[in-house]
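The figures here come from the full heavy-atom set of this structure, side chains too, leaving out hydrogens, waters and symmetry mates.
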Amino acid sequence: MTRHRAPRLGAWCAGLLLAGVSVVAGCRAADTDGVTPVPQLLAFLPWLLAPAGFALLCALLARWWAGLVWAVAVLGLLAWYVEPYGRTREPDGPPLAALRVLTSNVEFGRGTPALIRVVRDRRPDVVFVQECDSGCRAALAREVADTWPYRRAVEADGSKGSVVLSRFPLTPAAGVAGTMGMPGAVADVRGHAVRLQLAHPMPPLPGQVGLWRRELGRLRAFAAAGRGTPTILAGDFNASQDHAAFRRILDTGLSDAARLTGDDRTPSWPSRTASVIGAQIDHVLLSPDFTAADARFLHLPGTDHRALLTDVTLHGPG
């Protein structure tokens, strides 16, 4: 009896694992984010190779041949979608200006001291800061205003405050409406107008997936409205390339800087486990006028997000 129970248990284990992974992989293939818990699991899609591989082993030991075929199919589908998504075409025009961009979620302001050290050390030209509360804004004004004198902010506490710092003069722009602050501006980059927009939509928490999807949709509308104008859209998107709502933004013609530098699967959250397991939800998105080089994900003590620093170059018409 025991001899027959083990194969049945292995088949049941394989079946349950494959059923769960298949739902997530199926939503990815269908280009939809589905409902909870699918959006949350989609952020970790590459890591689903582990349970799918374990299911393959269980099916093999149980001699469940249909399950073995099922597992191979699921693994192949996951491997296909682990490939990076988005444009990599280089602009044809001559380089006009080089600038360094930094984005950082400082987690209710707790990562502000570490951010200030990075800003002073790495000297980015434009800085996008999410979850910048009143203490964070005061510290930035006190410590770096002499070198980064231009700013646009949504002045709120907790996770709702955000600020854009710049070496370049800024003209106010409306920004994108959201539950958390998403300020916008137009920067004068050595005589060239560049749209800047901070991204920080609501996370896809259970019961708030619809709100998350709507706010990503507003960011997509911003991106689509600026076709033909140099644009940098950066911040904590609470979404990865495996989310359909995020891919809609890329489909407007923007490119992920980390994709352009070959770092498209480097996790940015949660920072405590990012070296082992995590998701890339912090992004710098660029219009086709830009190229990117040397994207670096930096650990900042005090926050659960890695900061993203990248060097970009604005090009003229081809």
**OP:** Determine, stepwise, if the pair Arg248 / Asp31 fulfils salt bridge (Lys or Arg N to Asp or Glu O under 4.0 Å).
**Re:** CA-CA 10 Å; Arg248 302 286 184 274; Asp31 202 26; 2.9 Å; yes
Original post:
Mind checking whether Leu49 and Val72 sit in one hydrophobic cluster, side chains of I, L, V, M, F, W, Y counted as touching below 4.5 Å?
Top reply: yes
Subject >> Euclidean distance, Leu61 CG relative to Leu56 CG, rounded to 0.5 Å >> reply: 9.5 Å
**OP:** Return the minimal non-hydrogen interatomic distance between Leu309 and Pro124, and the atom names on each side.
**Re:** CD1-CB, 4.1 Å
Subject >> Atom of Trp64, atom of Gly15 and distance for their closest heavy-atom approach >> reply: CZ3-N, 3.7 Å
Original post:
Do Val186 and Val126 sit in the same hydrophobic cluster, where Ile, Leu, Val, Met, Phe, Trp and Tyr count as joined when their side-chain heavy atoms come under 4.5 Å apart?
Top reply: no
Original post:
Which atom names give the shortest non-hydrogen contact between Ala43 and Ala279, and what distance separates them?
Top reply: O-CB, 3.3 Å
Original post:
Is there a side-chain contact (heavy atoms from CB on, under 4.5 Å) between Arg259 and Tyr85 once you walk through the steps?
Top reply: CA-CA 8 Å; Arg259 164 78 170 105; Tyr85 184 90; 5.9 Å; no
Original post:
For Arg100, which of Asp121, Asp311, Asp294 qualifies under salt bridge (charged side-chain N to carboxylate O under 4.0 Å, His left out)?
Top reply: Asp311
Subject >> Contacts of type ring-ring contact (aromatic ring centres under 6.0 Å, His included), residue Trp70, not counting sequence neighbours >> reply: none
**OP:** Give the ring-plane orientation class for Trp212 versus His243, where under 30° counts as parallel, over 60° as perpendicular and anything between as tilted.
**Re:** perpendicular
Subject >> Sidechain-backbone polar pair: Asp157 side chain, Ser134 backbone, donor-acceptor under 3.5 Å >> reply: yes
**OP:** Could you tell me whether the side chain of Arg28 and the main chain of Leu42 form a donor-acceptor pair under 3.5 Å?
**Re:** no
Original post:
With side chains defined as the heavy atoms from C-beta onward, is the minimum distance between Gln130 and Leu198 less than 4.5 Å?
Top reply: yes
**OP:** Check the pair Leu285 / Ser255 against side-chain contact (heavy atoms from CB on, under 4.5 Å), numbers first and verdict last.
**Re:** CA-CA 5 Å; Leu285 304 187; Ser255 294; over 6 Å; no
Original post:
Within the side chain of Gln197, is there an N or O that forms a donor-acceptor pair under 3.5 Å with the backbone of Met182?
Top reply: yes
Original post:
If you round to the nearest 0.5 Å, how far is CH2 of Trp269 from NE2 of His305?
Top reply: 7.0 Å
Subject >> Under 3.5 Å donor-acceptor, Arg227 side chain and Thr252 backbone >> reply: yes
Subject >> side-chain contact (heavy atoms from CB on, under 4.5 Å) between Leu102 and Arg122, worked out >> reply: CA-CA 9 Å; Leu102 174 70; Arg122 303 300 182 105; over 6 Å; no
Subject >> Residue pairs involving residues 161-182 (criterion salt bridge (Lys or Arg N to Asp or Glu O under 4.0 Å); sequence neighbours excluded) >> reply: Asp125-Arg167
Original post:
Roughly how far, to the nearest 0.5 Å, is the CG atom of Leu96 from the CG atom of Leu314?
Top reply: 5.0 Å
Subject >> Hphob cluster co-occupancy, Trp80 + Leu75, side-chain heavy atoms under 4.5 angstrom >> reply: yes
Subject >> Approximate separation, where rounding is to 0.5 Å, of Leu196 CG and Leu165 CG >> reply: 11.0 Å
Subject >> Exercise: identify the closest heavy-atom pair between Gly34 and Arg213 >> reply: O-NH2, 3.1 Å
Original post:
Are Val82 and Leu48 joined in one hydrophobic group, where the rule is that I, L, V, M, F, W and Y side chains link up if heavy atoms are under 4.5 Å apart?
Top reply: yes
Original post:
Are any side-chain N or O atoms of Ser104 and backbone N or O atoms of Ala307, one a donor and one an acceptor, separated by less than 3.5 Å?
Top reply: no
Subject >> Test item: Gln241 and Arg265 side chains (from C-beta on) under 4.5 Å apart, heavy atoms >> reply: yes
Original post:
For Ile281, does its backbone N or O pair with a side-chain atom of Ser268 as donor and acceptor, under 3.5 Å?
Top reply: yes
Original post:
Counting distance only, does the side-chain N/O of Asp304 pair as donor-acceptor with the main-chain N or O of Pro270 below 3.5 Å?
Top reply: no
Original post:
Do you know the tightest heavy-atom contact between Ala145 and Ala141?
Top reply: CB-O, 3.0 Å
Original post:
Are side-chain heavy atoms of Ser162 and Pro183 found at a separation under 4.5 Å?
Top reply: yes
Original post:
CG/Leu115 to CZ/Arg120 distance, rounded to the nearest 0.5 angstrom?
Top reply: 11.0 Å
Original post:
Is it true that the side chains of Glu215 and Thr179 contain a donor and an acceptor less than 3.5 Å apart?
Top reply: yes
Original post:
Transitively linked via ILVMFWY side-chain contacts under 4.5 Å: Val127 with Val163?
Top reply: yes
**OP:** Please report the C-alpha distance between Thr310 and Asp263 in whole Å, then the side-chain angles of each, then the deciding distance to 0.1 Å, and finally whether the side-chain contact (heavy atoms from CB on, under 4.5 Å) criterion is met.
**Re:** CA-CA 11 Å; Thr310 186; Asp263 300 288; over 6 Å; no
Original post:
Should we say atom CZ of Phe54 is surrounded by more than 12 heavy atoms from elsewhere, each under 6.0 Å from it?
Top reply: no
**OP:** Without swapping roles, check the side chain of Arg137 against the backbone of Ala156 for a donor-acceptor pair under 3.5 Å.
**Re:** yes
Original post:
Is the closest side-chain heavy-atom distance between Val284 and Phe128 below 4.5 Å?
Top reply: no
Subject >> Carboxylate-amine/guanidinium contact Asp256 Arg247, below 4.0 Å >> reply: no
Subject >> Exam field: side chain Glu107 to backbone Asn105, donor-acceptor pair closer than 3.5 Å >> reply: no
Original post:
Can you tell me if Arg152 uses its side chain to pair, donor with acceptor, with the backbone of Pro172 under 3.5 Å?
Top reply: no
Subject >> Check: Leu140 and Arg151 side chains under 4.5 Å, non-hydrogen atoms >> reply: yes
Subject >> Heavy-atom side-chain proximity of Gln280 to Pro267 below 4.5 angstrom >> reply: no
Original post:
Taking C-beta and beyond as the side chain, do Pro46 and Asp242 meet within less than 4.5 Å on heavy atoms?
Top reply: yes
**OP:** Output all residues satisfying side-chain hydrogen bond (donor to acceptor under 3.5 Å, both in side chains) with Ser159, sequence neighbours left out; order by chain, then residue number.
**Re:** none
Subject >> Side-chain heavy-atom pair Thr112, Cys132 within 4.5 angstrom cut-off >> reply: no
Original post:
Going from CG on Leu308 to CG on Leu298, what distance comes out if it is rounded to the nearest 0.5 angstrom?
Top reply: 8.0 Å
Original post:
Which pair of non-hydrogen atoms, one from Ala295 and one from Ala258, has the smallest distance, and what is that distance?
Top reply: CB-CA, 4.3 Å
Subject >> Qualifying residues under disulfide (SG to SG under 2.5 Å), relative to Cys58, sequence neighbours excluded >> reply: none
Subject >> Set of ring-ring contact (aromatic ring centres under 6.0 Å, His included) partners for His283, sequence neighbours left out >> reply: Phe237, Phe246
Original post:
Partners of Phe290 by ring-ring contact (aromatic ring centres under 6.0 Å, His included), sequence neighbours excluded?
Top reply: none
